[in-house]
Structure formats: structure tokens, C-alpha cells
2 protein chains.
Amino acid sequence: MTDGGIDTRPSRPATLHDVAREAGVSLATASRSINGSTRKVNDEFRERVLQAAARLDYSPNVPAQAMARGTTTTVALLVADIADPYFSSIAAGVVAEADAARLIVTMTATDRDAERELEFVRALRGQRPRVMILAGSRPTADSAESALGHELRAYERAGGVVVLIGRNELGLRTVLVDNAGGAVALARALTGIGYRRFGVLTGSEGLLAEVDRLDGFRAGLEAGGGSLRDDDVVRTAFTRDGGYDGMRRLLSRGLDGIELVFAASDIMAVGALSAIRDAGLTPGADVAVAGFDDIPTARDVTPPLTTVRVPLEALGRRALRLALGNSDAAARAVATEVVLRESTPART
Amino acid sequence: MTDGGIDTRPSRPATLHDVAREAGVSLATASRSINGSTRKVNDEFRERVLQAAARLDYSPNVPAQAMARGTTTTVALLVADIADPYFSSIAAGVVAEADAARLIVTMTATDRDAERELEFVRALRGQRPRVMILAGSRPTADSAESALGHELRAYERAGGVVVLIGRNELGLRTVLVDNAGGAVALARALTGIGYRRFGVLTGSEGLLAEVDRLDGFRAGLEAGGGSLRDDDVVRTAFTRDGGYDGMRRLLSRGLDGIELVFAASDIMAVGALSAIRDAGLTPGADVAVAGFDDIPTARDVTPPLTTVRVPLEALGRRALRLALGNSDAAARAVATEVVLRESTPART
DNA sequence: TACAACTCAGGCAGCGCTTTCCCACAGGTC
DNA sequence: GACCTGTGGGAAAGCGCTGCCTGAGTTGTA
């Protein structure tokens with residue numbers, strides 16, 4: 001870490017006070033020059049201040065500014081799992097939008113643990129973020145629920161704004177995905193290309209997304225003339241391995257006429273594809289598969305996966321816009337779009 | 001947003017002062033009770049303070065604490081692209097480790113733009129984070145380089161610590177990946193199962209990772225008796241589409257005896273697989289493909305991709321540990337591991 | 001009884017910044 | 001020339017918290 005002749009002793013960072021002294025002006029003038037207030041500052045003074053700041057490598061102390069101004073420039077984002085493409089895409093959207101608003105994003109993972117989520121909300125509240133965004137659907141009712149609600153309400157009462165993504169509770173601002181509509185459209189598209197007998201892999205936690213997708217799919221089948229028997233609905237974990245296991249269960253029990261398996265998320269569908277292949281069958285040809293979300297991988301598996309595109313990054317952007325008071329972001333659920341690919345070849 | 005009978009007027013959040021008054025103790029005692037200092041506090045007093053805090057929904061103002069204490073609890077993380085599994089995995093590691101150290105992570109994306117990176121470093125410096133982590137290799141030399149170095153050095157001089165992931169410049173702390181070693185091992189493994197004639201898809205930006213992987217692969221081939229002609233090395237974008245294009249170039253030019261194409265990253269390899277398939281060939285059988293990184297998708301494509309595993313999350317954890325002064329994290333480059341899968345069937 | 005030695009609550013001075021408020025001065029008007 | 005108005009720099013009061021310092025009260029010892 002040595003640096004030649006340059007002085008590397010840890011010295012305290014330059015303060016505005018230092019800059020003011022160096023420029024030979026008052027603290028107030030220095031402040032006004034650097035961050036530009038409503039007040040005007042003589043050009044020559046400003047120039048002097050700016051040069052002094054550059055000379056001292058001055059960088060305004062954000063916490064101090066926050067305190068003096070009584071407001072921060074922070075957005076807190078709470079997701080279930082950062083490495084999950086679903087959430088990292090949302091995060092990318094939030095960050096991009098925050099960027100445009102010159103806000104900075106702090107990010108934390110709950111690991112899908114309601115206890116941790118509560119704990120983090122509590123801790124994050126202390127940061128006095130302007131906005132708190134919670135992504136990731138959770139079971140509709142649980143013990144930590146009321147505590148979470150209490151915490152979030154206290155935060156809002158103190159002037160914060162919270163936005164929920166993909167869940168609708170507690171009377172808070174929400175960005176919803178049109179899961180039901182997408183599932184309806186998917187079912188109709190599939191019946192439209194000749195499928196009649198279906199199976200479903202869905203989660204077992206009662207998440208909002210799970211329920212809406214299954215209900216929507218059912219409704220769409222009804223409209224399109226497809227059929228789904230209750231015991232062809234397999235409940236399993238909402239993960240790749242869950243999809244694999246669920247599909248295996250279906251296969252070992254005997255497909256019994258099922259032509260297409262709808263997995264309630266793409267990662268489950270990916271697991272299902274592997275299970276089909278491991279059983280010696282060819283996905284698409286022997287049994288078709290469709291998913292939901294359109295994660296990037298969906299294009300890259302073989303056969304490419306039919307799915308419903310959820311504009312994840314847009315979801316993140318919209319959440320922040322909504323928080324910042326952009327009312328058109330408050331519109332109805334984010335639209336989804338059916339994407340037919342080779343995992344569901346047309347049946348003629 | 002209405003709330004029944006409860007008062008929802010935005011009121012200023014409770015301060016420690018309020019809590020102290022409510023509990024009938026001094027500010028100092030309230031502070032000591034809530035955050036626990038070296039000083040002891042009478043149990044009864046503490047209890048009273050804690051209850052008052054709960055009653056008022058008190059949440060300590062972190063920026064104010066930061067200022068009073070003269071130190072924050074923030075880690076700033078700068079990555080190229082949050083939605084990229086490579087970076088989101090690293091981020092997950094950083095966040096997990098930060099969590100353990102009760103630090104919170106702020107995250108920003110540079111979009112692979114050196115200008116933006118510089119701008120962000122400047123802005124982040126103002127947050128006075130304890131640690132700054134920059135992930136994502138960049139061309140070794142460019143115009144913004146010296147400015148970036150200046151900024152980072154100023155930050156370190158003021159007591160911060162910066163860690164670079166996957167790049168080694170400016171004499172800063174670094175977490176390095178053993179790209180060369182992994183590539184050597186991969187080449188030997190591939191020659192070991194019978195491959196002799198190779199092609200390579202690599203990036204065109206001169207990134208450290210690109211260079212090391214290619215050099216290592218060459219060295220491994222030499223040792224293992226494989227051959228790689230200079231004009232069988234295709235330089236293209238370090239992305240999925242770059243991989244697709246590069247492979248197509250190779251195919252349309254004629255494979256000319258190439259048995260296996262090594263793509264310098266998994267996403268490029270995924271693109272290459274698609275290109276091969278689109279050309280009517282079967283990846284694995286007609287031409288083998290290997291990648292690098294072992295992103296989750298690598299298992300899910302068909303055929304599953306042979307690659308070199310880079311423990312991305314561990315990389316993130318290690319970066320933070322290193323920053324926090326855990327010296328064993330300063331050890332040598334993070335080891336990588338060859339993972340042979342069906343995209344490179346043994347040639348007998 | 002007197003005094004030393006502790007213990008621990010409370011007072012208060014900052015931390016680095018923004019933002020009134022005050023005031024000096026320049027320019028304009030009658 | 002007296003007065004008003006507008007402009008813009010500087011002094012100073014906080015923002016919410018921590019941590020040093022003071023000093024009151026308690027216990028122990030001679």
C-alpha cells in the first residue's frame with residue numbers, strides 16, 4: 001500500500017470548514033457555492049471555493065448533510081435473495097431509477113425469512129431512507145405480519161413511503177404483477193394451439209403469485225376448453241429442485257394423458273425439463289412444458305421455454321417511481337405477455 | 001392509505017430526546033441504555049428507557065449516530081451490472097458477510113462505463129463508507145484510470161479501505177480469481193479426454209480475466225498436447241450475443257477440424273450453443289463447448305456445460321473479510337475448479 | 001466521625017453541515 | 001441629501017446523537 005513520495009498518513013477528510021478557510025470565505029458561502037442553494041453567490045467567490053474544494057479533495061459528508069437537511073437521499077430495498085435472477089432484475093430496475101433521481105440504494109436480503117425481514121425493516125428504518133421497497137411475495141398471513149405492519153406504519157407516519165412489490169397487504173402502496181391475466185392468456189394460447197389435457201406444478205406456500213397463477217390458468221383453460229384435474233396439480237417447492245421433484249412425481253405416477261405441464265415459475269419449469277429428460281423422454285415432443293416469468297435462462301434451455309414474460313426491471317423502476325409520487329406508476333397491475341417457444345409445439 | 005382510527009398524520013419521528021423525557025431520564029442515560037456503551041446503567045432506568053422507546057416507536061437516527069461517532073456502518077459496492085448473475089452472486093456474498101458484521105450495503109451499477117464508475121466513486125466517498133468494494137474487471141489502462149486512482153487514494157487516506165475484485169491495479173487490496181490456473185486445468189482435462197484441436201471465443205476489451213483465461217488455456221494445451229491456431233481465436237463481445245456471433249463466424253468460416261470451442265465465459269458459451277444448434281449441428285456431438293464461471297444456467301442448458309467453477313459468492317464474502325482486516329482473506333487467488341459435463345463428451 | 005474511593009446519572013460540547021437571520025453596502029427614487 | 005429597496009456575505013443556531021467531564025450519592029476504611 002505504499003505510494004512513493006506521497007503522504008499517505010490517514011488524515012481526517014477535509015471538511016467544509018477547511019474549504020471555507022482555504023478559500024477565504026465563510027462557511028455559509030462555501031456551502032452555498034458547493035451545493036448551490038436558492039441564494040446567489042458571487043461568481044468569483046464560488047470559483048474560489050470550488051478550486052479550494054478540488055485542491056483539498058473535498059467530498060461533502062453525506063450523513064452530516066442528511067442531518068442538517070433532515071432528509072436523506074437513500075432508498076432501502078429488501079429482497080428475498082439477491083442472487084436470484086428474479087430479484088436481481090428487480091433490483092437493477094430500482095437502482096437504475098434511483099440513479100436518475102440521484103438517490104442511492106441500499107440493499108439487503110431477507111433469505112425468505114419473515115423474522116429477518118422484520119428485523120431488517122426495523123434496522124433500515126433507522127437509516128431514515130426516503131423510500132423502502134419490499135420485494136418478494138410472502139404468505140398472506142403469519143405471526144410476524146402484524147409486527148411488520150406496525151413497523152412499516154410507524155415508518156410511514158414519520159414521513160417515509162413504502163412500496164410493496166408483488167404483494168398486497170397492510171394497505172400500503174403496491175406494484176402488482178398481472179399474474180392472473182398472464183396465466184389466463186397463457187392457457188388460452190395453449191388451448192389455441194391444440195393442447196387439451198394439462199398438469200400443473202405450483203408452490204405449496206400459498207404465495208399470492210402461486211395462487212393467482214393457478215387460478216388464472218384454470219380460468220383460461222375453462223374458457224379455452226382445456227381440462228385440469230385436481231390430482232394433476234402437484235404442490236412442491238417454488239424452486240428448481242421443487243420443479244424437478246414435482247415432475248418426477250407426475251412421471252412416476254404416470255402422465256395418464258397429460259399433454260402439457262404448466263410450472264408456476266420458470267425455475268420450476270427448468271427443473272421439470274431436467275426431470276423429463278432424466279426419465280428418458282423428450283421435453284416438447286413427449287410432454288410439453290410452460291413456465292412463468294421469462295427469466296433469461298428460459299431462452300437458453302432446450303427446448304426454449306414457453307412462458308409468460310414479467311417485465312422485472314420495469315417492476316423495480318415502477319416501484320420507485322410510485323414511491324416518488326409519479327402517479328402514472330400507480331396504474332393497475334403490470335402487464336405480462338405470453339411468449340410461445342418450442343417447449344410447447346403446436347399440436348395439430 | 002387510511003388506517004381506521006389511528007393517527008396517521010406525518011409526525012416527525014421520535015428522537016432520543018423524546019425517549020429520555022418520556023422515561024424521565026437524561027439524554028445521556030437514554031443513549032447508554034439503548035445502544036449500550038461501556039458505561040453501566042441502572043437496570044431499572046434502562047428498563048424504563050427501553051419501554052419508553054418501544055412506546056414511542058423510537059428508531060435511532062443512523063446518520064446522526066454516524067456523525068456523532070465519526071464512523072458509519074456502511075459498505076459501498078460498485079458492480080458493472082446488477083442483473084448479471086456473475087455480479088449478483090458476488091453481491092449476495094458481500095451482503096451476507098456484511099450482515100454478519102452488522103454492516104449495511106449500498107449498491108450501485110456502473111454499466112461498465114469508466115466515466116460512471118468514477119462519478120460514483122466520487123459520490124460514494126461522501127457517504128463515508130467504511131469499505132468500498134469495486135467488482136468487475138476493466139481494461140487495464142484508460143483515461144479515467146488516474147482520476148479513479150486519485151479518488152480512491154483520497155478515500156483511503158481519509159481512513160477508508162477499498163477492495164478490488166478481479167482486477168489488480170493501483171496498489172490496492174485485491175481479491176483475485178485464479179483464472180489462469182483454472183484455464184490451465186480445464187485445458188489439461190480436455191486434452192486428457194481426447195480433444196486435440198481447439199477454438200476460442202474471447203472478449204475484445206483486454207480485460208484481465210480475458211487475458212488470463214486465454215493465456216492459461218494456451219499453456220494448458222501446450223502441456224497436454226492440444227493445439228490452438230491463432231486464427232481460431234475469435235474476439236467478440238463478452239456477452240451471450242457476442243458468444244453467438246463469434247460461434248457463427250467460426251461456423252460459417254468452416255470449423256476446419258476444430259473439435260472443441262472454449263468460450264471465456266459461460267454466457268458466451270451459452271450463446272455459442274445456440275449458434276451451433278441454429279446451424280443445424282448438435283453441440284457436444286458435432287462440436288464440443290466449454291465455458292468459464294459456472295453460472296447456475298450452466299447446469300440447465302442442453303447439453304449441460306463443461307466449465308470452470310468460480311466461487312462467486314465466496315469472492316464477495318472474501319472481499320469484505322479482507323476489507324475488515326481478516327488477514328487470512330488476503331491469501332492468494334481464489335481457487336477455481338474444473339467441472340466436466342456433457343457438452344464435452346470424452347473422445348475415445 | 002471523617003475522609004477516601006467508587007459508582008453512575010446528568011450536563012454539555014461537539015460531529016459537519018444547512019439555513020435562518022442580521023447587516024453592510026450599492027443603487028435607485030423623491 | 002434622506003430614505004427605501006435589493007443584494008449577497010457572515011454569524012450563529014440548530015439537526016440527533018455520543019462521549020467526556022462533573023458532581024452527587026454511596027460504600028468502605030481508619
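Chain identifiers are assigned alphabetically (A, B, ...) following the order of the sequence lines, protein sequences preceding nucleic acid strands; residue numbering begins at 1 within each chain. Side-chain atoms are counted along with the backbone in the values below, which use heavy atoms only and exclude waters and symmetry mates.
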Between atom CD1 in B:I34 and atom P in D:dT18, what is the gap in whole Å?
8 Å

Just the rounded figure in Å: distance from C1' of D:dG10 to CZ of A:R21.
16 Å

Polar pair under 3.5 Å, donor/acceptor by atom type, side chain A:R32, base D:dG10
yes

Has B:R112 got a side-chain atom pairing as donor or acceptor with B:A80's backbone, closer than 3.5 angstrom?
no

Got B:V121 and B:Y155 here, is their nearest side-chain heavy-atom distance under 4.5 Å?
no

Report the distance from atom CG of A:N35 to atom C1' of C:dG16, rounded to the nearest whole Å.
13 Å

Between P of D:dG10 and CG of A:L16, the distance in whole Å
13 Å

Out of C:dT18, D:dG16, D:dT18, which nucleotide sits closest to the side chain of A:S31?
C:dT18

Taking the side chain as C-beta and beyond, is there a heavy-atom pair between B:L172 and B:M132 under 4.5 Å?
no

Would you say A:E156's side chain and A:V162's backbone share a donor-acceptor pair under 3.5 angstrom?
yes

On the nucleotide D:dG10, are OP1 or OP2 found under 4.0 Å from the side-chain N or O atoms that A:S26 carries?
yes

In whole angstroms, how far is the P atom of C:dC17 from the CZ atom of B:R128?
7 Å

I need the CG-C1' distance between B:D43 and C:dC8, as an integer number of Å.
13 Å

Taking the side chain as every heavy atom from C-beta outward, state whether B:D57 and A:R157 have any atom pair closer than 4.5 Å.
yes

So, with a heavy-atom separation below 4.0 Å from DNA chain D, the residues of residues 52-73 of chain A are A:M67, A:A68

Are B:R173 and B:V131 packed together at the side-chain level, in the sense that at least one heavy-atom pair is separated by less than 4.5 angstrom?
no

Protein-nucleotide distance (B:E44, atom CD; C:dC8, atom P), rounded to Å:
14 Å

Quick check against the 3.5 Å criterion: does A:T15 have a side-chain atom that pairs as donor or acceptor with the backbone of A:H17?
yes

Could you give the CG-to-P distance, from A:L27 to C:dG16, as a whole number of Å?
11 Å

Options C:dG16, D:dG9, D:dA11, nucleotide nearest the side-chain atoms of A:T29
D:dG9

